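What follows is a short report on a single structure.
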Amino acid sequence: MSGICDGRVVVVTGAGRGLGRAHALAFAAEGARVVVNDLGVRLDGRHPDAGADRDRMPAGADRDRVSAGADRDRMSAEEELMRQDGPATQVVAEIRAAGGEAVAHAGDIATTEGAASLVSTALETYGRLDTLVNNAGFLRDRMLVNLDEDDWDAVLRVHLKGHFLPLRHAAAHWRAESKAGRTPAARVVNTSSGAGLLGSLGQANYSAAKAGIVGLTLVAAAELARYGVQVNAIAPAARTRMTEHTFAETMAAPATATAFDAMSPGNVSPLVVWLGSAAAAGVTGRVFEAEAGRITVMEGWHPGPTADKGARWSPAEAGETVRRLLTEARAPGHVYGTG
């Protein structure tokens with residue numbers, strides 16, 4: 001390995017499995033000390049022992065007891081024990097076994113307390129924070145007319161709020177460092193999705209959250225540049241708990257061990273590691289699609305065909321003009337699931 005992250009301290013949320021785990025291992029292999037965050041919840045975000053009718057944590061429906069034991073002061077002894085032996089701890093053990101340094105964090109990063117403790121864990125354990133990788137998330141897929149409010153709130157909460165709060169607390173630290181004359185080479189890598197860029201059938205909540213992450217990335221990149229912070233986003237495609245059943249054929253591992261495993265989550269991590277390193281100087285406010293061996297710079301909204309009357313349109317004129325402009329415009333990409 002090149003040691004591209006030697007000396008850096010990196011926080012990765014949702015790092016107990018899938019993409020987050022791959023990112024944490026890859027950063028550690030490149031010399032970073034890693035804070036591995038994961039709640040250890042199920043694919044739908046519920047507590048592993050929850051029945052179908054149990055409270056829908058971490059949907060936010062019970063605001064006084066947010067998520068599956070997010071705030072350690074509110075955890076039951078049983079929940080705390082589960083966290084101590086959860087996926088974050090297992091990834092930390094993998095990193096340490098390979099000679100790296102890592103510490104587990106089991107707080108709910110979609111709460112103020114959890115996000116603040118995530119940043120303080122890095123600072124108290126390693127004395128600094130250089131890179132934040134926002135990756136945590138889960139799914140509650142339903143067609144729009146069947147999507148209830150709790151499932152909407154839960155997915156927006158973990159993805160969008162779960163990006164905002166760690167970013168806000170990390171940014172506050174980096175701003176303070178900059179104002180003290182210690183301008184950092186700080187990096188943030190957010191996780192959007194093709195669903196956020198194009199939409200995806202049955203995933204209105206997830207698509208809206210992932211689109212919001214792109215907007216958050218652009219604003220954060222513009223606001224935080226003065227403090228030495230660069231913010232980018234990825235739209236990855238890989239085999240994880242969220243994709244391996246929905247897209248089973250596409251995500252399947254190759255039949256032979258020597259073949260390139262195109263959908264391995266580890267294929268996305270090299271880009272994330274580079275974006276999270278000092279070597280990425282000058283790259284900010286961008287969205288990259290990463291899949292298999294391909295990296296694509298995603299280009300956002302740009303003005304297309306336009307018409308200006310110089311006065312107010314009538315509804316009929318507006319309609320006629322729109323139809324004409326659409327014949328000159330590039331067709332939009334297909335919403336995922338529409339063929």
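The structure displayed is predicted, hence computed values, not measured ones.
Salt bridge present: Glu317 and Lys309 bring a charged side-chain N and a carboxylate O closer than 4.0 Å. With respect to Glu320 and Arg324, no salt bridge is recorded, no charged nitrogen being found less than 4.0 Å from a carboxylate O. We find that Lys161 and Asp108 are not joined by a salt bridge, their nearest charged nitrogen and carboxylate oxygen being 4.0 Å or further apart. Electrostatic pairing of Glu94 and Arg21 counts as a salt bridge here, judged by a charged N lying under 4.0 Å from a carboxylate O.
The side-chain heavy atoms of Leu25 and Ile95, taken from C-beta on, include a pair separated by under 4.5 Å. Using a 4.5 Å cut-off on side-chain heavy atoms (C-beta onward), Thr112 and His169 make contact. Residues Val36 and Val12 are not in side-chain contact: their nearest non-hydrogen atoms beyond the backbone lie 4.5 Å or more apart. Side-chain atoms of Arg142 and Asp151, non-hydrogen and from C-beta on, do get closer than 4.5 Å to each other. Counting heavy atoms from C-beta outward, Val229 and Val188 have side chains that approach closer than 4.5 Å. With contacts defined as side-chain heavy-atom distances shorter than 4.5 Å, the pair Leu129/Val11 qualifies. Asp38 is listed as a side-chain neighbour of Arg17, based on a closest heavy-atom distance under 4.5 Å. Looking at heavy atoms from C-beta onward, Trp174 lies in side-chain contact with Leu132 at the 4.5 angstrom threshold.
Atoms CZ and CG, from Arg140 and Asp153 in turn, are 10.0 Å apart once rounded to the nearest 0.5 Å. Atom CZ of residue Arg128 and atom CZ of residue Arg182 lie 11.0 Å apart, to the nearest 0.5 angstrom. For the atom pair CG (Asp308) and CH2 (Trp313), the distance works out to 7.5 Å, reported to the nearest 0.5 Å. The line from CG of Leu123 to OG of Ser117 is 11.5 Å long, rounded to the nearest 0.5 Å. A distance of 12.5 Å separates CG in Leu271 from CZ in Arg294, rounded to the nearest 0.5 Å. To the nearest 0.5 Å, the span separating CG on Asp130 from CZ on Arg187 amounts to 9.5 Å.
Distance alone, capped at 3.5 Å, places no donor-acceptor pair between the Ser207 side chain and the Gly199 backbone. Asn232 places no side-chain N or O within donor-acceptor distance of the main-chain N or O of Val287, the cut-off being under 3.5 Å. In this structure, Arg8 contributes its side chain and Ala186 its backbone to no donor-acceptor pair below 3.5 Å. Judged by distance alone, the side chain of Thr125 and the main-chain N or O of Ala122 form no donor-acceptor pair under 3.5 Å. A donor-acceptor pair under 3.5 Å is absent between the side-chain atoms of Ser192 and the main chain of Ile213, judged by distance alone. A donor-acceptor contact shorter than 3.5 Å is absent between the side chain of Tyr227 and the backbone of Ala172. Without hydrogens or angle criteria, Asn135 side chain to Gly14 main chain gives a donor-acceptor distance under 3.5 Å. For the pair Glu177 (side chain) and Thr183 (backbone), a donor-acceptor distance under 3.5 Å is absent. In this structure, the side chain of His334 does not engage the main chain of Tyr336 through any donor-acceptor pair within 3.5 Å. In this structure a side-chain-to-backbone donor-acceptor pair under 3.5 Å is present from Gln230 to Gly282.
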_Pair Val231, Val219 - check side-chain contact (heavy atoms from CB on, under 4.5 Å), show working._
CA-CA 9 Å; Val231 188; Val219 172; over 6 Å; no
*What do the steps show when you test Glu289 against Ile295 for side-chain contact (heavy atoms from CB on, under 4.5 Å), and what is the final call?*
CA-CA 6 Å; Glu289 190 174 70; Ile295 297 172; over 6 Å; no
*Output, in order, the C-alpha distance, side-chain angles, deciding distance and verdict of side-chain contact (heavy atoms from CB on, under 4.5 Å) for Arg286 and Val297.*
CA-CA 8 Å; Arg286 293 287 194 165; Val297 177; 3.9 Å; yes
*Please assess Glu101 against Arg96 for the test side-chain contact (heavy atoms from CB on, under 4.5 Å), listing each intermediate value before the final yes or no.*
CA-CA 6 Å; Glu101 294 183 57; Arg96 291 176 177 172; over 6 Å; no
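Residues Leu160 and Leu197 do not share a hydrophobic cluster, clusters being chains of Ile/Leu/Val/Met/Phe/Trp/Tyr side chains in contact below 4.5 Å. Criterion: ILVMFWY side-chain heavy atoms under 4.5 Å apart, direct or through other members. Under it, Val283 and Val189 are part of a common hydrophobic cluster. Tracing side-chain contacts under 4.5 Å through hydrophobic residues (I, L, V, M, F, W, Y), one reaches Val273 starting from Phe288; they form part of the same cluster. Leu156 and Leu165 are not part of a single hydrophobic cluster, where members link through side-chain heavy atoms under 4.5 Å apart. At a threshold of 4.5 Å between side-chain heavy atoms, the hydrophobic network of Ile, Leu, Val, Met, Phe, Trp and Tyr places Val9 and Leu118 in one connected group.
Minimum interatomic distance between Ala208 and Trp152 (heavy atoms only, all atoms of both residues): CB-CH2, 3.7 Å. Contact detail for Ala209 and Val155: the closest heavy-atom pair is CB-O, 4.2 Å. When all heavy atoms are compared, the tightest approach of Ala106 to Leu39 is O-CD2, 3.3 Å. Contact between Gly333 and Leu198 at its shortest, heavy atoms only, is CA-CD2, 4.0 Å. Closest non-hydrogen pair, Tyr206 versus Phe138, comes out as CD1-O, 4.5 Å. In this structure, Ala88 and Asn37 approach most closely via the heavy-atom pair CB-C, 4.4 Å.
Atom CD of Glu149 has 12 or fewer neighbouring heavy atoms from other residues, nucleotides or ligands inside a 6.0 Å radius.
No donor-acceptor contact under 3.5 angstrom links the side chains of Ser178 and Arg226, judged on distance only. Between the side chains of Thr191 and Asn134, no donor-acceptor pair is found at a separation under 3.5 Å.
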